[in-house]
Amino acid sequence: MPYDKEMDRRGFLKFAGVSAAAATTSLAGCTGGEDDGEDPLGEEDQDLEITVTQGQFASTLDPQDHNDTPTYNVLDQAYEPLLYRDAEGEIVEYLATDYERLGEQEVEFTLREGVQFHSGDEMTAEDVAYSINRTVDDEVGIVSPQQDGLSGIEGAEASGDGTVAVTLSGPNPVVFENFASFGRILQQQWAEEHEDETIRDANGTGPYQLEEFEEDVRATFTAFDEYWDADNVGDVTQVTFEGAPESSTRVNSLLAGETDIVTNVPPSETPRIEDEDGMTFESVPSTRVIFLVMTNDREPFDSQEFRQAMNYAVDVEGIIDELLEGFGSPASQPTLEGHNGHNPDVDPYPYDPEQAQQLVEESGYAGTEIVLETPTGRYLGDEEIARAAASQIDELPNVSCDLEIRDFGDLAGEALDGDMSTSPGFFLIGWGNPTFDANYTLVPWFMPGQASQHFENDEVVDLLEQSESELDEDTREGHLQEANALLNEQAPWVFLHQQYSIYGVNEELDWEARSDEDILAKDVSAS
């Protein structure tokens, strides 16, 4: 459905679900560089070089030593998983051509033949097994932040000519869904010989190979001539990724012709982009939920009444309407609508300052002082949203709330290292769910021993354990829905909203924004 800007954005969300908005354009030409007025895709020049500017740059070039979307977007030009998802969310085969369960605790992948690394060496089953083990086993190379994504996987080994067997700790009903989001493959020999260089160099099987990398500044990739799926690559011959935390910097760069796709465009900036010849904006409901974490190992967040009070104190509808201009949908639980395990009978907390004040009194923490910590530039309107939430909480007569702006890397490093005792007590963060299943959000945040856990509740743990050992889909979904209802009641987070992704785009590009926020240069063509 074409996007009608006169249509209410919330109405559009309901109508469109999570389908992407197509960015089909009508002009053709090179982008992200000098415009000489000639058609660069004419007969004499077939090069299309583009630049993508995100709110955050890649934190590393190691495909397994991170777990954040901006870094995935950079590295996914060069590194690929066994399975992936298309723009509609369906699992598709990438470096594996087949996958099956061999038993309750074992699955097997059949590998694609003739896949080359950028080094020129052919991908082997040993490389794939090594990459999986490097993700799930602390003793293999690194301690990977992606372990939560492949939870329940004990290890992998080459099981034959072109096959890899993966051992599971239990039934793991979402093992293939997780492999469609995690487990990028790198070459074992190269990784072991470049142990200290994997954060600054790359050697994958993807459609683009690393040309230049300037830490914290940019990464440039050029087309890989030996790519196994060359027939399904668009027109882009070179792609450069950059980072700019300030939204105004990103938008100004787009309007100046210095970049071609920018992320997290503030809704207030969309008219300026629309008014510029050759520029447009695209939006799509994201798979990301935005929330305020309340770490429940300390006062006052150890009180259910206080946590519920924070939910009643924040005017989520008002934030969506005023700050996000309708680009968002209120969240009632950790699992978004449309994802497996979402509980449709659970409603968002209404804005009710009087109820909030009363619950604070009942909690025994009247007069308490708290600090909300937030990144800036990482999520759409993150600083402004946090500022509004902190102000609304501070308006309660019996709570004082200050705001602290943090570097995203520093905040995430403290919050997601698996140690609740050193984590900030109250902070804004977002969580994308590339698997479209509640497991990917609930297990990392609410199961013991997970890097993101900030809330301890035995009933939730029991439900999640049951869901992880249940292969009957309906029974499993029931466990997840029950967990979501319980979490709404327990209020470990201030549930904010489902994020919209808003991109500024050069109209010379034909590109379709995805709900999972992935940006693949191979999907871009000149229009």
Side-chain angles (χ1 to χ4, degrees), residues 3 5 20-58 70 73-74 76-77 207-208 210-214 216-223 233-284 377 380 501-514 517-527:
Y3 180 54
K5 297 178 179 60
T24 303
T25 56
S26 58
L27 302 176
C30 82
T31 60
E34 296 180 0
D35 183 0
D36 58 8
E38 299 179 355
D39 179 3
L41 293 180
E43 294 182 357
E44 297 182 355
D45 186 354
Q46 293 294 320
D47 291 341
L48 178 60
E49 301 175 359
I50 68 169
T51 298
V52 179
T53 304
Q54 305 180 110
Q56 300 288 330
F57 186 58
N73 278 341
V74 174
D76 281 356
Q77 316 309 317
Y208 299 93
L210 184 66
E211 178 76 18
E212 180 182 8
F213 176 65
E214 187 175 355
D216 297 328
V217 178
R218 67 177 58 85
T220 297
F221 300 85
T222 55
V233 174
D235 299 327
V236 173
T237 56
Q238 176 176 295
V239 56
T240 297
F241 277 80
E242 299 177 337
E246 292 292 333
S247 59
S248 59
T249 301
R250 297 193 299 276
V251 172
N252 288 336
S253 179
L254 175 73
L255 299 183
E258 297 167 350
T259 188
D260 304 289
I261 299 174
V262 298
T263 66
N264 288 345
V265 172
S268 60
E269 290 276 36
T270 55
R272 193 157 68 101
I273 293 175
E274 282 290 276
D275 289 342
E276 184 74 17
D277 288 343
M279 300 295 169
T280 188
F281 77 90
E282 302 298 331
S283 65
V284 60
L380 180 64
S501 298
I502 307 178
Y503 301 91
V505 184
N506 187 324
E507 279 193 319
E508 295 178 342
L509 301 182
D510 185 353
W511 172 68
E512 183 175 307
R514 297 170 54 117
E517 303 179 9
D518 288 2
I519 301 173
L520 301 174
K522 76 182 187 72
D523 293 341
V524 180
S525 292
S527 60

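Counting begins at 1 with the first residue of the sequence. All of these numbers come straight from a predicted model, not from anything done at the bench.
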* What closest approach, in Å, do Ile519 and Phe241 show between heavy atoms, and which atom pair accounts for it? -> O-CZ, 4.2 Å

* Quick one: does Thr280's side chain have a donor or acceptor within less than 3.5 Å of a partner on Glu507's backbone? -> no

* Could you check if a side-chain atom of Glu246 sits within less than 4.5 angstrom of a side-chain atom of Asn252, using non-hydrogen atoms only? => no

* **Side chains of Val284 and Arg514 in contact at under 4.5 Å (non-hydrogen atoms)** => no

* Got Glu49 and Val239 here, is their nearest side-chain heavy-atom distance under 4.5 Å? -> no

* To the nearest 0.5 angstrom, please state how far the CD atom of Glu212 sits from the OG1 atom of Thr240. => 8.0 Å

* **CD1-CG distance between Ile50 and Asp260, expressed to the nearest 0.5 angstrom** => 6.0 Å

* Could you give the distance from OG1 (Thr220) to CD (Glu211), rounded to the nearest 0.5 Å? -> 7.5 Å

* Structure fact -> Rounded to the nearest 0.5 angstrom, the CE-OG1 distance for Met279 and Thr270 is 15.0 Å

* Asked: In terms of the angle between their ring planes, are Phe213 and Phe57 parallel, tilted or perpendicular, with boundaries placed at 30° and 60°?
  -> parallel

* **Heavy-atom pair with the smallest gap, counting every atom of Gln77 and Ala521** => OE1-N, 3.0 Å

* Asked: Minimum heavy-atom separation for Val233 to Tyr208, with atom names?
  -> CG1-OH, 3.8 Å

* Does the side chain of Ile261 come within less than 4.5 Å of Leu509's, by heavy atoms? -> yes

* Where Ile273 and Gly504 come nearest, the two heavy atoms and their spacing -> CD1-CA, 4.1 Å

* To do: Check whether any side-chain heavy atom of Asn264 sits under 4.5 Å from a side-chain heavy atom of Arg250, and report yes or no.
  => yes

* Decide yes or no for Arg272 and Phe281: does some side-chain heavy atom of the first lie under 4.5 Å from some side-chain heavy atom of the second? => no

* Asked: Does any non-hydrogen side-chain atom of Gln54 lie less than 4.5 Å from one of Asn73?
  -> yes

* Structure fact -> Here the pair of heavy atoms bringing Pro267 nearest to Leu380 is CD-CD1, 4.2 Å

* To do: Run the numbers on Thr259 and Thr51 for side-chain hydrogen bond (donor to acceptor under 3.5 Å, both in side chains), then give the verdict.
  => CA-CA 5 Å; Thr259 188; Thr51 298; 5.0 Å; no

* Grab the two heavy atoms, one from Ala526 and one from Asp235, that are nearest each other, plus how far apart they are. => N-OD2, 2.9 Å

* Asked: Does some side-chain heavy atom of Val505 sit less than 4.5 Å from a side-chain heavy atom of Trp511?
  -> yes

* Asked: After noting the C-alpha distance and the side-chain angles of Thr53 and Leu254, does the key distance pass the side-chain contact (heavy atoms from CB on, under 4.5 Å) rule?
  -> CA-CA 9 Å; Thr53 304; Leu254 175 73; over 6 Å; no

* **Approximate separation, where rounding is to 0.5 Å, of Ser501 OG and Glu282 CD** => 12.0 Å

* From Glu242 atom CD to Thr249 atom OG1, the distance as rounded to the nearest 0.5 Å -> 11.5 Å

